[in-house]
Amino acid sequence: FKNAEEAQKIVRFRSNNNISSFQIKIGERIASLRKLNGITQTELAEILSVSNSAISKWETGQGYPDINFLPKLASVFSVSIDFLLGDNNA
């Protein structure tokens, strides 16, 4: 994480029972960023060392990435973790 505040936002997401809205926001964001950058699900899966089905589940809201993947996802797409989590001002 870039700072403790970013880590705290993730903790707040989980502790406030906002998991389903978190899944949808981050899934939509991952899919949009992936397509915008011309990366396939397979390519993103290889970059992150996860399965294609994991990427698909994240993007469709059937699952969400482990917290440890957020810095790598942010780096791959050159965005902040806040932006991945749905903050359009980040």
Side-chain angles (χ1 to χ4, degrees):
F1 302 105
K2 292 182 182 175
N3 57 47
E5 186 178 325
E6 286 183 351
Q8 286 298 327
K9 283 184 180 186
I10 294 164
V11 171
R12 282 194 296 270
F13 267 112
R14 290 187 176 183
S15 65
N16 290 336
N17 295 318
N18 288 329
I19 296 298
S20 62
S21 68
F22 166 73
Q23 287 173 317
I24 292 167
K25 285 184 182 182
I26 195 165
E28 290 174 355
R29 194 59 56 106
I30 291 169
S32 295
L33 288 167
R34 180 183 58 75
K35 291 171 186 174
L36 183 67
N37 285 277
I39 299 172
T40 66
Q41 285 185 342
T42 300
E43 290 169 333
L44 183 57
E46 289 174 3
I47 291 167
L48 299 175
S49 299
V50 298
S51 67
N52 292 359
S53 64
I55 302 298
S56 177
K57 286 179 183 179
W58 298 349
E59 292 185 355
T60 59
Q62 296 174 18
Y64 58 95
D66 183 275
I67 193 171
N68 295 315
F69 287 110
L70 297 181
K72 180 70 173 179
L73 281 164
S75 175
V76 167
F77 298 127
S78 300
V79 298
S80 69
I81 292 173
D82 286 344
F83 186 79
L84 278 177
L85 297 177
D87 183 354
N88 292 326
N89 298 317

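- The shortest non-hydrogen separation linking Ile26 to Pro65 is CD1-CG, 3.9 Å.
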Walk me through whether Val76 and Ile39 qualify under side chain to side chain contact (heavy atoms under 4.5 Å, CB included). CA-CA 10 Å; Val76 167; Ile39 299 172; 4.2 Å; yes

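- The CD atom of Glu43 sits 11.5 Å away from the CD1 atom of Ile55 when rounded to the nearest 0.5 Å.
- Atom CD of Glu59 sits about 10.0 Å away from atom CG of Leu33, to the nearest 0.5 Å.
- Heavy-atom minimum distance, Leu70 versus Ile81: O-CG1, 4.0 Å.
- Expressed to the nearest 0.5 Å, how far OG1 of Thr42 lies from CD1 of Ile47 amounts to 11.0 Å.
- Side-chain N or O atoms of Ser32 include one that pairs as donor or acceptor with a backbone N or O of Glu28 at under 3.5 Å.
- The nearest pair of heavy atoms linking Phe69 to Leu48 is CE2-O, 3.4 Å.
- Of the N and O atoms on the side chains of Ser53 and Ser51, at least one donor lies less than 3.5 Å from an acceptor on the other residue.
- Lys72 NZ to Asp66 CG: the interatomic distance, rounded to the nearest 0.5 Å, is 15.0 Å.
- Using a 4.5 Å cut-off on side-chain heavy atoms (C-beta onward), Phe77 and Leu44 make contact.
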